[in-house]
Amino acid sequence: MTDKAPLKRGIRIAIDRGGTFTDCVGNPGSGRMEDDVIIKLLSVDPANYDDAPLEGIRRLLSKFTGKEIPRGEPLDTSVIESIRMGTTVATNALLERKGEDIAMVVTKGFKDCLEIGNQSRPNIFDLAIRKPGVLYKKVVEIEERVTLEDYAEDPERAQTEAQSQDEAGPDAILVKGLSGEAVRILQRPDEEKIRKQLQEVYDQGLRSIAVCLMHGYTYPNHEALVGRIAQDIGFDHVSLSHQLMPMIKLVPRATSVCADAYLTPAIKKYISGFAAGFKGGLGTERVKKEKGARGARCEFMQSDGGLADVDSFSGLRAILSGPAGGVVGYALTSYDPETKIPVIGFDMGGTSTDVSRYGSGRYDHVFETTTAGVTIQSPQLDINTVAAGGGSRLFWRNGLFVVGPESASAHPGPACYRKGGPLTITDANLFLGRLLPDFFPKIFGKNEDEGLDAEASHKLFEELSEQINQDIAGDDKSKEMSLDEVAYGFLKIANETMTRPIRSLTEARGFDTSKHRLATFGGAGGQHAVAIAEALGIKQILIHRYSSVLSAYGMALADVVDERQEPDSKVWSDEGDVVKHLQEKMEDLKSKSRQALRDQGFSDEEIQFEEYLNMRYRGTESALMIIKPSPEEAEEFGGNQWAFERAFVKVHEQEFGFTLPDRDIIIDDVRVRGIGKSFEGLEKTVDQQLKEITFKDLSKGQKQYGIRQVYFEGGRQETPVYKLEDLAVGDKLLGPAILADGTQTIVVTPGATASIIHTHVIIKIGESTPQEKTDTKVVDPILLSIFAHRFMAIAEQMGRALQKTSVSTNVKERLDYSCALFDSEGGLVANAPHLPVHLGSMSTCVRTQAKIWEGKLKPGDVLVSNHPMFGGTHLPDITAITPAFSGDKIVFYVASRAHHADIGGILPGSMPPHSRELYQEGASIKSEKLVSEGRFNEERMTELLFDEPAQYPGCSGTRCLADNINDLKAQVAANQKGITLISGLIEEYGEEVVQFYMKSIQDNAEQSVKTLLKEVSRRFEGQDLSAVDYMDDGSPIKLKVSIDAKKGEATFDFTGTGPEVYANINAPEAVTYSAIIYCLRCLISEDIPLNQGCLKPITVKIPKRSFLSPSDKAAVVGGNVLTSQRVTDVVLKAFNACAASQGCCNNLTFGFGGNEAGSDAVRGFGYYETIAGGSGAGPTWDGSSGVHVHMTNTRITDAEVFERRYPVILREFSLRAGSRGKGQHPGGDGVVRDIEFRIPMQVSILSERRVYRPYGLEGGEDAECGLNVWVRKVEGDGNSDAVEGSGGDVEYRYINLGGKNTASMKAGEHIIVKTPGGGGWGKIGEASKVVKQQDPKHAWRKGSVAMRQDMAEASA
């Protein structure tokens, strides 16, 4: 092709506009890789150009046409076949909150649904709770309401038949929804009223609205009506939730529809500006209109890895637009459908490190992810940000090396970027010789023409090393660390920080990490790939030639996708009409999708479909998106391609470790992914090339660019440097080596080999060298930081094993469990997920059991206990403890504690509000062997859980024995996993070293607490701290804290606390220890290891037989969920840390059925929830509204799921205006939760702060108390005993239930729970001193890994 020859149409351009750089890949139309042209330019460079993608296209066209096109001249689309783009426009608008001003339209009673969200707080230990702000400017509540007629927990499984609205007529109040469920219309919307409401919004200048009404996913008629009225009025943009994503769950759907209304106008604005830079039009319609002469195809990458035509690209599907291209890029270039080796994608750029996985030849999608605090419900690739990339900042905190999550971001960037930035990972790589300035673009400095500034990095490392050496060595020069050791230490911690979530991504789904390949890309990936692979046990790394522009390249390879989905509710059955109904629904979706793709110019031969059913077992919420088996997969199902049920069972077994053969399988959604195949003819796969190429080792000095001194484990080594373009296919070289070009640097460590094939550099990991003997006399701060991660990772992996193998909803879905490891004396080493109420108490339990069984335990024994006097919290929390032996001595313990849904007692759920004696709360186990030398003692557990509790008056044994036994076995398996993992650690480092660091990590936490206590003593000028607060029955909790400032030790003395109570607010001693650890961790306000060391400087004095140290027969169920909150309030008050939060969990239970003594068992159900309130204000923050506080953080069931599962109507769930304490910084408001029962129900409430108000501090006002109201139906003649139906009018009475009560409520009656607010801080009228802080993880992409982590932290 000569430079000057006129080009035929055919240039293909793919662009990824990232945060720092915009990458462009252009091809003249040949499709051959060797003809590609790559351009990298700054995303923002206002001095030179307005729009980076347009500038990139201008440069590519100039190159391909051979003539320079001046800037600003419209570009000729007649030579362009297609433009494909990934853009951060939507993400940036979301991060910076710069989208369109919008109004949200929602059902009456739910105006605050997005402010409350799922009621959990983002950071469990942050007293200044910072929830992400909402996207709307205004809310409109519409008076309309529908609900579902049947409920999933109905023991009779009744199903109401109904017709669609069209068949049943416009006045029918019972109709069939899109999901097949019967929908009852409780209130129809008033058109005139809605018109008036929306006109007001329009008149205020808002032009974009988001509509989400209760159950709109299955009954969209009311949403559609609102949409029509809005369009009549003239709104520019109207987003309707049922059109965007017809999936159950009000809150994610409402957030999604708001995100769409907020972002789509911004995207449309950007696109019209972009399109204005071209002579012809862009998009399929322009191509058609202009008969192919001028228009060019233009497609944008969506979050699901598919392309969408420029005209149908929307805000909701644009959030992961850029990163999605990278996943497509590595998936299509690194995975071989023949060998089927799965791939982990590791994308490390300047500002983020993202990981993902690709296996079985299809993308992993998730349907709920969070970005910038906004939870989106829409199919998205499962991309997880695990670190802040090369820009991760380096800190020395509390004697530990810490990397991130704070980022230097693109501006100012790392220290070496010449903008005065902080020390980062990039600086460490540069300092150690792993990043070569010669190969880095010269775009820095005042005139943007200088290279990296190695001097700046060096200077900051000198300063930091000085501080580190001062802390660890003092005057002893022999203990000092060199600059190299410090910089390398940070790299090791960075790699350790990143490998933990990668393990979670694979292992939590039942995949073995070591059986994957690692595909690394992004500018910084090559510097860390080998270390990451080694840590994960991965043997082979693939680095594509275009790895630094792989997102753009992925867009060039991607397919156009059309997604369609509809809700369903059928129970799977091979017989009858179910399969026929689903097939018809699927065909209908396919024909709509096919038409949409035909309209974009695809022929039927180019269109393929992926067909999915979203399936789950009845009674669970863990739905799995199951793809229709391929012909090969169907062979194992007898050739039946519609064997969805068997495919579901197989995936469930793999992902969760068990199946439930006697449960119905429910279909929640039918989904079709239509794929328009665009470009064929990829290069040969990696495995095909490896077979065909003969490799030849390079001799010393051959093809070398130069030699550098590079630091590896143990010191600097002479390392040859190679230019990637100088290496030929078949070249093989042995590490240490550095391979580089203008966009990337690949570090090959000693022992590893790099081989060059056509498309990739392949690195094979060598055998790891055995660890040198580690000194156990002096603590190495790098190893200490590594062990902190390793111990925590072991506890997390135990937790995943427990969740995977358990059966009960409490463990599997609410994640109400904790796993931990302990030293040989029972001191806590690491605990995950860290539920505040388990923090100090598990250790008490392990130490008590260790003493009882001293010298009597054998390998294979497991102990079990839940008794409050033996370190338990309340009876449903059962602890399993396994000792680990070396020879005949115990070297450490592991333990797991899980909340069992029922263990007997007077009420289902074993959480009675009015228990007086411990036996009424269920089975109590002081100390038993659960497993003896490997044999599970099922007979004894049945006696303890089922037989013994039933011997007490009015009590039953456990109501779910099979679940108890299964969960106990899961706890034993989780403990075994922990022992295996620590044994692996001992094998790697030696028993002495592991023991040494188990102790050292506790010493480190102890030091942090001592430092805090010394500082507090200085602040209070050495005075004792004291506080008192009261339970609603008047019982006082008194505390005096005396601090020894010299030693950094303190005594927490609870003398004066009230006596044991003949009720259930007694709290075992372990609960007070947990509350103290939690408060200390909050006050330190930095991430320190949470372990026994936190309590070492603390002496706790609790008067015996007070209600904080009750007798062994006292009822304690309220101690765990109520008294723990009051102890926390008292400790924080003594430290003058913040005003009181709501101080309660508001435990609500309802249900019916059971096996009362002397009567037949009645099948029923039970439901338990805890309800949010207001948090207290502090010296630099306002309180937060509608959140869980302190000792709990459980999520609330979504409103639509709540009504689908139970016979209730949630009339209101909103913030309780005016319940906050006023002040310089006001507290947060509580909530109003109004539940109407549709059938007779036993309802119980267990709550506090209904008498004593949450206190304000420093002149701030107290918040309002809570109130529990029973809306009771009675005859209207003033006689409250009158029976309904005996004549006379029915009236509703509002009756105060008090804090703790049980009532039998009739159909149509309500309970209204009004929760307390948080106290205010400072005098009203004083100037606010609120400090605005943003979560450093604000911009992270939160896929399945973060979702699991958040759920774990929300399960306290």
Side-chain angles (χ1 to χ4, degrees), residues 18-22 40-48 348-353 387-396 401-404 406-468 481-491 493-494 522-528 548 705-712 716 719 721 723 738-747:
T20 316
F21 291 105
T22 291
K40 214 173 177 65
L41 64 164
L42 285 168
S43 292
V44 182
D45 190 357
N48 291 309
M348 187 170 178
T351 51
S352 70
T353 304
S392 295
R393 292 182 58 187
L394 313 180
F395 303 97
W396 168 251
F401 279 65
V402 179
V403 178
E406 294 86 345
S407 164
S409 61
H411 183 83
C416 57
Y417 278 18
R418 299 183 185 272
K419 289 186 192 167
L423 210 47
T424 65
I425 288 293
T426 300
D427 294 298
N429 278 313
L430 177 65
F431 182 78
L432 296 168
R434 293 163 163 246
L435 191 58
L436 308 177
D438 333 12
F439 290 95
F440 215 83
K442 292 189 170 26
I443 50 172
F444 306 106
K446 208 156 89 181
N447 303 319
E448 299 190 349
D449 58 358
E450 294 179 73
L452 295 172
D453 181 1
E455 204 35 58
S457 307
H458 191 279
K459 186 168 168 287
L460 289 185
F461 268 116
E462 277 185 334
E463 289 170 16
L464 187 59
S465 300
E466 202 174 305
Q467 186 195 337
I468 293 171
M481 296 177 73
S482 70
L483 295 184
D484 278 350
E485 285 169 339
V486 169
Y488 188 60
F490 278 113
L491 286 192
I493 304 309
Q527 292 138 53
H528 293 262
S548 69
Y705 165 79
I707 286 190
R708 295 285 183 279
Q709 289 290 326
V710 182
Y711 189 92
F712 293 100
R716 295 229 171 211
T719 304
V721 176
K723 274 177 131 173
I738 285 185
L739 281 57
D741 62 14
T743 60
Q744 61 181 332
T745 305
I746 301 166
V747 175

Legend entry - Contacts of type side chain to side chain donor-acceptor pair (under 3.5 Å), residue T424, not counting sequence neighbours: D427
Inset, instruction - Give the intermediate values and the outcome of side-chain contact (heavy atoms from CB on, under 4.5 Å) for residues Q527 and I425. - result: CA-CA 10 Å; Q527 292 138 53; I425 288 293; over 6 Å; no
Inset, instruction - Only counting residues at least two apart or in another chain, list the ones meeting salt bridge (charged side-chain N to carboxylate O under 4.0 Å, His left out) with D484. - result: R716
Inset, instruction - Dump the intermediate steps for side-chain contact (heavy atoms from CB on, under 4.5 Å) on L394 and F401, then the final yes or no. - result: CA-CA 8 Å; L394 313 180; F401 279 65; over 6 Å; no
Inset, instruction - Side-chain contact test, heavy atoms from C-beta onward, threshold under 4.5 Å: evaluate it for S548 versus K40 and give yes or no. - result: yes
Inset, instruction - Apply side-chain contact (heavy atoms from CB on, under 4.5 Å) to the pair L423 and F490, showing each step before the final yes or no. - result: CA-CA 11 Å; L423 210 47; F490 278 113; 5.8 Å; no
Inset, instruction - Applying salt bridge (charged side-chain N to carboxylate O under 4.0 Å, His left out), name anything that partners E463, two or more places apart in sequence or on another chain. - result: K459
Legend entry - Rounded distance (nearest 0.5 Å) linking atom CD of E455 with atom SG of C416: 12.0 Å
Legend entry - Residue pair H528, N429: steps toward the side-chain contact (heavy atoms from CB on, under 4.5 Å) verdict: CA-CA 9 Å; H528 293 262; N429 278 313; 3.1 Å; yes
Inset, instruction - Compare every heavy atom of A408 with every heavy atom of P414, then report the nearest pair and how far apart it is. - result: N-CB, 4.0 Å
Inset, instruction - Could you tell me which residues satisfy side-chain contact (heavy atoms from CB on, under 4.5 Å) with E466, sequence neighbours excluded, listed by chain and number? - result: none
Legend entry - W396 side chain near V486 side chain, heavy-atom distance below 4.5 Å: no
Legend entry - Shortest non-hydrogen contact between A487 and A428, atoms and distance: O-CB, 3.9 Å
Side-chain donor-acceptor pairs of residues 436-444 under 3.5 Å, sequence neighbours excluded:
unit_1	atom_1	unit_2	atom_2	d
D438	OD2	Y705	OH	3.3
D438	OD2	R708	NH2	2.6

Inset, instruction - Supply the atom-to-atom distance R434 CZ to I738 CD1, rounded to the nearest 0.5 angstrom. - result: 8.0 Å
Legend entry - With Y711 via ring pair (Phe, Tyr, Trp, His ring centres under 6.0 Å) - residues at least two apart: Y488
Legend entry - By side-chain contact (heavy atoms from CB on, under 4.5 Å) - contacts of D45 (at least two apart): L42, A47, N48, Y49, E448
Inset, instruction - Quick one: which residue pairs count as a salt bridge (charged side-chain N to carboxylate O under 4.0 Å, His left out) with a foot in residues 408-418, not counting sequence neighbours? - result: R418-E450, R418-D453
Legend entry - Euclidean distance, Y417 OH relative to T426 OG1, rounded to 0.5 Å: 5.0 Å
Inset, instruction - Using the test side-chain contact (heavy atoms from CB on, under 4.5 Å), find all partners of L483 that sit at least two apart in sequence or belong to another chain. - result: F431, H458, E462, S465
Inset, instruction - Report the distance from atom CD of Q744 to atom CG of L435, rounding to the nearest 0.5 Å. - result: 12.0 Å
Legend entry - For S352, side chain to side chain donor-acceptor pair (under 3.5 Å) partners two or more places apart: R1341
Inset, instruction - Could you pull out all residues at least two apart from S43 that satisfy side chain to side chain donor-acceptor pair (under 3.5 Å)? - result: T22
Legend entry - Sequence-distant partners of S407, side-chain contact (heavy atoms from CB on, under 4.5 Å), two or more places apart: A388, S409
Inset, instruction - For L460 and G421, work out which heavy atoms get closest and say how close. - result: CD1-O, 3.8 Å
